[in-house]
Asker: 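Please read through the structure below; I'll follow up with questions.
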Amino acid sequence: MATLSPFLSKTPLSNTPTISFSSSISTPLKWKSITSFSPSGSSSSRSRRRIFIVQSKIREIFMPALSSTMTEGKIVSWIKSEGDVLSKGESVVVVESDKADMDVETFYDGILAAIVVPEGESAPVGAAIGILAETEAEVAQAKAKAASAGAAAPASHPVASTPVPAVSPPEPKKVAESAPSVARKTVATPYAKKLLKQHKVDINSVVGTGPFGRITPEDVEKAAGIAPSKSVAPSAAPAALPKPAPAAAPAAPLLPGSTVVPFTTMQAAVSKNMIESLSVPTFRVGYPIITDALDALYEKVKPKGVTMTALLAKAAAMALVQHPVVNASCKDGKSFTNNANINIAVAVAINGGLITPVLQDADKLDLYLLSEKWKELVEKARSKQLQPHEYNSGTFTLSNLGMFGVDRFDAILPPGQGAIMAVGASKPTVAADADGFFSVKSKMLVNVTADHRIIYGADLATFLQTFSKIVENPESLTL
Amino acid sequence: MHCSAAFSQAATSATAVPTISGSRHVGALHSSSSSSSCTLLIPSKPINLRFCGLRREAFGFSPSAFTRCSNSQRVQLPSRRRFKGSNVCASLGDNGIPKSFDYDLIIIGAGVGGHGAALHAVEKGLKTAIIEGDVVGGTCVNRGCVPSKALLAVSGRMRELQSEHHMKALGLQVHAAGYDRQGVADHANNLATKIRNNLTNSMKALGVDILTGVGTILGPQKVKFGTDNIVTAKDIIIATGSVPFVPKGIEVDGKTVITSDHALKLEFVPDWIAIVGSGYIGLEFSDVYTALGSEVTFIEALDQLMPGFDPEIGKLAQRVLVNPRKIDYHTGVFATKITPAKDGKPVTIELIDAKTKEPKDTLEVDAALIATGRAPFTNGLGLENINVVTQRGFVPVDERMRVTDANGNLVPHLYCIGDANGKMMLAHAASAQGISVVEQVTGRDHVLNHLSIPAACFTHPEISMVGLTEPQAREKAEKEGFEVSVAKTSFKANTKALAENEGEGLAKLIYRPDNGEILGVHIFGLHAADLIHEASNAIALGTRIQDIKFAVHAHPTLSEVLDELFKAAKVNF
């Protein structure tokens, strides 16, 4: 009940939980001076206004927020009907939230001029559901207002005294392929259907990957661009307890003048991931790539907002399409987890930390969309607004230190992924071609670290070969 | 389908031992008995003695002991001399001429109803036998409330451990709750075995003869069991119970299309299961399956889910038990044809509109549980030998559980209790009916008030009820011309519920404001099944609100929800 501070609430032990709405102030009529309006409706200010200002006392009854999670409510029944005279404290309407049915009572005396949202229909929190007029004379005016309120989109209604919880469902993401056009009807599981509704995803945009081609909750989450939540309790075997960490070595004494600064949350996460990475047997393969063509392309597309990161991510994604094993991961040491999407995580240093925003479906988005997406992700990362699925859904990581002049380096494989690519700077280098002619070409060294449980030397070598072909003939990147 | 907890309580408590376990009494037992059934009682099994002692206490009877072990040899404990007279009567015929019957009472069916009747019969000094064609314990213990409670205990914990929000609010951290299906299934099976043994031992300890074989009534006061054993008894109680009801068109293969009998073995946990019927059984299984990771689709013939419950409770229950879970539903439809999964095809369910009979939809799921209710198990009982015709399989009885024949006349010395008569298909109702019959045959008229029998559904949280629903009460009030009032309290205001972080819940009292009579109480919330008894006892004993509202409840306890409820009622008295 604490979240309902704007409302007076009766004791919850009465027959029906009751809640009051403050029916005014949400939208004073346009010509009315807002400053003259007191939200508390104290009698002194009201009477002053009566004298000095021509005031219309038409108030909206709006959908109250009855719980912290409520986003919309359904009108169970109107206790009063249009034309009824209401007195302060009387119950007017019964609203059903996600949690309970509540009687809603008025703070003001007046006449219920119009019902905007009829019984059985739903309205978002804060939308006008009825209009209250103070006098008989204003009923007609109120009705006109009701008509316009009914026409206007209720969601755009400003809310003054009931803050709408800032819950905006993630934008549904288009899935490249539409459902296969088979005559079979689409089957979705109960939870998948709930998620479709919750994330406002069109069922036709989701490809079912479950048994018999049915749409599973994971499919919907994927389509909505959310990291699939852990499934409830699938483990047929009891989860093994994590091994206790080996006892820490006795700490060396602090040198005089040194300070100890505890990790931030992000740093702690990095530390944890790095320790975890030690349990994966990795190996590294390097490859030189001539970038003259890529540099030329970059100069061309740069004015359109394309960054080198986007170019490299796109190139890596396209190479991964041909080498899916490099996009796979090994979760349990016993199996390949083949990822359906190619999500390129790109390491970014941000004030005192490291984060890897993820370009989801990098193989499917075009270069310009990818660049735009990347810009957006970097901004979000800087303002610490990345959602978990935007930094932990990567299937392959790209780390570029070339801009600092680093010519080659070696990256640590993040847990849960199969491979990470470390990109060095592109530098003019003397090269000999097949005929023995020398020339100066820009050469970049890339170095991939991979999990040898699933990715073997030849896999990585052929992947790099493909990658270098794409970079050396970069026209396909813009297609 | 729902047992009273008496058995399990008895097994774990030892309060009533003293009167029986003294070595002096044991010695007396030994010396005065010679039959084989008596040797079973002897001393080395104090647990059996303890059991019956508690049972007596649970029913509020004065401490007395077993009657006789076999034939006429009787063990007499000092405290039960006053029963002597009734014992003599019991072995006399109707007209006072001694007839020789093998037993005073034979009960056909050793389920919970038969067991309750047998124990009370012994209490009253009757020489009693119980015939069982399958396993002792019947549906409740083997294929019903007992194993399902084991599964629900698991599901409750899983649900709690998986609720990150709930755990966080309590300050707990739990990582990755998982389960081992076989381990869960074993828990259910072990519990059933344990309770079955307790039940068997308690009867043996009291000297009830357990006769193995299918029982058939040959004629008045004469029963055959097994292939050719014939026994006679002064009175006979039919307590053969019920089996899951499977509507036409549904093919049960026991693997992908199952009834509660199979589901309780938990042989597999499907990804997606359709549950046909949203009553107690369906609801409890939805709780189990969703906690174990399945998704559930309810198929309900009526327009509302949970049609048997008070509408307000049903609505709240739907909000808590269905809507937020991985459950969807189809209401107002019949499943006309259900085909098990085979040849690489899923289970298919054909739905038609319940009113128009138009085909409506076809579902494809991984499994289907048929929870459409239970059918009486009365075939082969030999009812034709005494001119009794069943009604849809149920044995017709009057309010005293006396069986009536095809002409509507009472069949002398024949009673039917429990699911087989269909009055109230609950384990504890069967037991209460059995006790009522024993009261009658031992000379004390007794009519059981079914409106005082509580019922419970063991979801998380639980649902319980006793008496009338609000619509039933209003209909009755309309007819009889009295006023009905309703009082409600919320678990949100209860300290103990809030401490458990389980404030979701409602208790509802339906009563007569003119005289304070309790017409019905419905509870949805934490431990509702345990809370209902204050109300059911009040109804059984005729306690009025104006009296019970002064009873004191310990603080802080969940029972204060009922305290508040009684205090919230406004009686014009």
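All values reported here derive from a predicted model rather than from experimental measurement. Every chain is numbered from 1 and lettered A, B, ... according to where its sequence line falls, protein lines coming before strand lines.
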Asker: Is it the case that the side chain of H389(A) and the backbone of E221(A) share a donor-acceptor pair, with hydrogens and angles ignored and the cut-off at 3.5 Å?
Answerer: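 Pair absent, no side-chain N/O of H389(A) close to backbone of E221(A).
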Asker: Could you please spell out the steps behind the salt bridge (charged side-chain N to carboxylate O under 4.0 Å, His left out) verdict for R159(B) and D287(B)?
Answerer: CA-CA 9 Å; R159(B) 210 170 272 295; D287(B) 196 282; 3.7 Å; yes
Asker: Do Q318(B) and Y329(B) have side-chain atoms, one donor and one acceptor, less than 3.5 Å apart?
Answerer: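 Per modelled atom types, Q318(B) and Y329(B) side chains form a pair under 3.5 Å.
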Asker: Could you check whether D366(B) pairs with R214(A) (Lys NZ or Arg NE/NH1/NH2 to Asp/Glu carboxylate O, under 4.0 Å)?
Answerer: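 A salt bridge links D366(B) with R214(A).
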Asker: Is N494(B) in contact with chain A via its backbone, its side chain, both, or neither, using a 4.5 Å heavy-atom distance?
Answerer: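 Contact with chain A involves no heavy atom of N494(B) at all.
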Asker: Check each atom of V269(B) against the heavy atoms of chain A and say whether the ones under 4.5 Å are side chain, backbone, both or neither.
Answerer: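 Contact with chain A involves no heavy atom of V269(B) at all.
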Asker: Which atoms of K315(B) are under 4.5 Å from chain A, going by heavy atoms: the side chain, the backbone, both sets, or neither?
Answerer: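 K315(B) touches chain A through side-chain heavy atoms alone.
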